[in-house]
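Below, chains carry the letters A, B, ... as their sequence lines are ordered, and counting in each starts from 1. Just so it is clear, the values below take in all heavy atoms, side chains as well, and ignore hydrogens, waters and symmetry mates.
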2 protein chains.
Amino acid sequence: MFFTTKAEYGVRLLIELGRQGHDQPVSLKAVADGENLPLAYLERIVALLKRADLVESTRGAHGGYRLARPAQSIAMDEVVLALEGSLAPMECFVDDRNDDGRVLCSHHDDSGRGCATKLLWTRVQVGVLKTLADTTLAELIDFQTRKLPRAGDPAAPGPRTPAPA
Amino acid sequence: MFFTTKAEYGVRLLIELGRQGHDQPVSLKAVADGENLPLAYLERIVALLKRADLVESTRGAHGGYRLARPAQSIAMDEVVLALEGSLAPMECFVDDRNDDGRVLCSHHDDSGRGCATKLLWTRVQVGVLKTLADTTLAELIDFQTRKLPRAGDPAAPGPRTPAPA
DNA sequence: GCTATCCCGACCTCGCTGGTAGGATTAGCG
DNA sequence: CGCTAATCCTACCAGCGAGGTCGGGATAGC
């Protein structure tokens with residue numbers, strides 16, 4: 001299991017924000033109802049996105065959230081990093097403070113020499129980061145709206161519709 | 001955290017087996033001592049590798065394990081899959097039986113339509129699988145022996161050595 | 001038969017995930 | 001000026017899987 005539900009819920013939240021325009025904020029309750037997610041949990045998730053400056057909020061009645069930048073310029077590596085905290089494939093990748101004597105991997109005690117597994121995990125990590133960085137939020141929004149024509153829109157029967165903006 | 005210590009320990013075990021020849025089996029105790037890993041835990045890990053036909057065992061005194069195939073033909077996707085069980089980036093990827101009403105993701109209830117996150121996770125999964133499949137055990141063994149000249153071998157000072165073998 | 005080794009299942013502890021509870025603050029609106 | 005809808009914040013909790021231990025059984029060399 002690579003990612004937790006934080007990433008799943010957070011990405012779906014961003015997609016919902018992106019589907020609405022930037023003109024008016026969207027309340028978390030609306031997203032929670034629409035996506036069938038627990039509201040209280042969503043609150044904690046959106047806080048992560050706000051701290052990463054991916055969304056901005058408006059408090060008070062009729063407040064809510066909206067994207068802080070256009071969806072085209074939001075890459076998923078930034079999103080997942082904000083939601084999951086890190087993308088280390090192995091525990092020893094998180095940081096260097098392995099003060100206690102536990103020998104989870106030889107990356108430290110070997111002092112860099114001959115750690116073959118680190119080569120492998122690094123390759124995987126770089127690949128994942130690249131995959132995420134190559135996917136923008138706009139791409140996901142487009143993928144979704146292309147298939148879900150906004151709940152009650154008898155036109156556009158097939159996936160061949162040219163997306164008339 | 002993508003992978004658990006099972007993958008880490010299992011890969012290091014395979015590397016140790018590969019560094020020894022195929023002529024005589026290597027006991028788990030030797031590996032556990034050399035890599036400083038808990039023996040009892042290693043036993044359970046090697047069982048996974050054996051079930052996947054990646055190693056073969058010899059029981060009794062002076063028994064042990066050895067690679068079931070040459071290291072060149074062992075790709076890491078097979079190894080990691082055997083050790084971790086699956087490589088699903090998200091819980092709903094594990095299998096399709098989501099009988100209970102939990103709404104972890106919309107992949108199911110949406111019946112395939114409009115699930116943008118699935119697009120993202122699929123991309124990541126495919127990328128990881130490809131990265132792992134492109135790395136063979138022989139490559140890791142080579143990387144390791146090139147830097148650790150078998151504990152007391154003043155030749156081969158730099159990484160430029162042409163790996164005689 | 002002794003010992004080294006593989007084999008197997010039960011058990012345990014701990015941290016994290018996923019979520020809830022309850023409130024404080026802020027702002028539109030009549 | 002309240003009321004209400006919303007963001008914000010902190011503490012709490014249950015379940016589960018990771019990581020490991022333990023004890024014992026089977027098997028083969030000497």
Using a strict threshold of under 4.0 Å (side-chain N to carboxylate O), is an ion pair present between A:Arg12 and A:Glu16?
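The answer is no: the pair does not qualify as a salt bridge.
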side-chain contact (heavy atoms from CB on, under 4.5 Å) against [X], all qualifying residues, sequence neighbours excluded:
{"X": "B:Ala133", "result": "B:Asp77"}
{"X": "A:Asp134", "result": "A:Lys130"}
{"X": "A:Gln24", "result": "none"}
{"X": "A:Gln125", "result": "A:Pro89, A:Phe93, A:Leu129"}

Rounded to the Å, how far apart are [X] [atom1] and [N] [atom2]?
{"X": "B:Leu37", "N": "D:dG19", "atom1": "CG", "atom2": "P", "value": "13 Å"}
{"X": "A:Asn36", "N": "C:dG19", "atom1": "CG", "atom2": "P", "value": "11 Å"}
{"X": "A:Phe2", "N": "C:dC16", "atom1": "CZ", "atom2": "P", "value": "20 Å"}
{"X": "B:Leu48", "N": "C:dC8", "atom1": "CG", "atom2": "P", "value": "11 Å"}
{"X": "B:Leu49", "N": "C:dC6", "atom1": "CG", "atom2": "C1'", "value": "14 Å"}
{"X": "A:Ile45", "N": "D:dC8", "atom1": "CD1", "atom2": "C1'", "value": "15 Å"}
{"X": "A:Lys6", "N": "C:dG19", "atom1": "NZ", "atom2": "P", "value": "11 Å"}
{"X": "B:Glu56", "N": "C:dC7", "atom1": "CD", "atom2": "P", "value": "11 Å"}

For [N], does OP1 or OP2 lie under 4.0 Å from any side-chain N or O of [X]?
{"X": "B:Thr58", "N": "D:dA28", "answer": "no"}
{"X": "A:Tyr9", "N": "C:dG19", "answer": "yes"}
{"X": "B:Thr5", "N": "D:dG19", "answer": "yes"}

For [X], which residues count as a side-chain hydrogen bond (donor to acceptor under 3.5 Å, both in side chains) partner, sequence neighbours excluded?
{"X": "B:Thr135", "result": "A:Arg123"}
{"X": "B:Thr136", "result": "none"}
{"X": "A:Arg69", "result": "A:Glu78"}

Donor-acceptor pair, side chain of B:Glu84 and main chain of B:Thr4, under 3.5 angstrom:
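Pair found, side chain donor or acceptor close to backbone of B:Thr4.
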If an axis is fit to five pairs at each end of the helix from C:dG1-D:dC30 to C:dG30-D:dC1, what is the angle between the two, to the nearest 10°?
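Computed angle between terminal axes is 0°.
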Give the nucleotide from the list D:dC8, C:dG19, D:dC30 with an atom nearest to the side chain of B:His62.
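Selected nucleotide: D:dC30.
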What nucleotide among C:dG18, D:dG19, D:dC8 has an atom nearest to a side-chain atom of A:Tyr65?
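Ranking C:dG18, D:dG19, D:dC8 by closest atom to the A:Tyr65 side chain puts D:dC8 first.
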Heavy-atom contacts under 4.0 Å between residues 23-31 of chain A and DNA chain D, which residues?
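The stretch gives A:Ser27, A:Leu28 as the residues lying under 4.0 Å from the strand, ordered by number.
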Which residue lies more 5' along DNA chain C, comparing A:Gly60 with A:Phe3 via nearest heavy atoms:
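Closest to the 5' end, via its nearest nucleotide, is A:Phe3.
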Polar atom pairs between nucleotides 21-25 of chain D and protein, under 3.5 Å, N or O only, would you list them?
{"unit_1": "D:dT21", "atom_1": "O4", "unit_2": "B:Arg44", "atom_2": "NH1", "d": "3.2"}

Out of A:Val124, A:Thr117, A:Leu120, which residue meets the side-chain contact (heavy atoms from CB on, under 4.5 Å) rule with B:Met76?
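With B:Met76 as partner, side-chain contact (heavy atoms from CB on, under 4.5 Å) holds for just one option, A:Leu120.
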Please set out all donor-acceptor pairs under 3.5 angstrom arising from side-chain atoms of residues 48-58 of chain B, sequence neighbours excluded.
{"unit_1": "B:Lys50", "atom_1": "NZ", "unit_2": "B:Ser57", "atom_2": "OG", "d": "2.7"}
{"unit_1": "B:Thr58", "atom_1": "OG1", "unit_2": "B:Arg66", "atom_2": "NH2", "d": "3.1"}

Partners passing ring pair (Phe, Tyr, Trp, His ring centres under 6.0 Å) against B:Tyr65 (at least two apart in sequence or in another chain)
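B:Tyr65 satisfies ring pair (Phe, Tyr, Trp, His ring centres under 6.0 Å) with no residue once adjacent residues are dropped.
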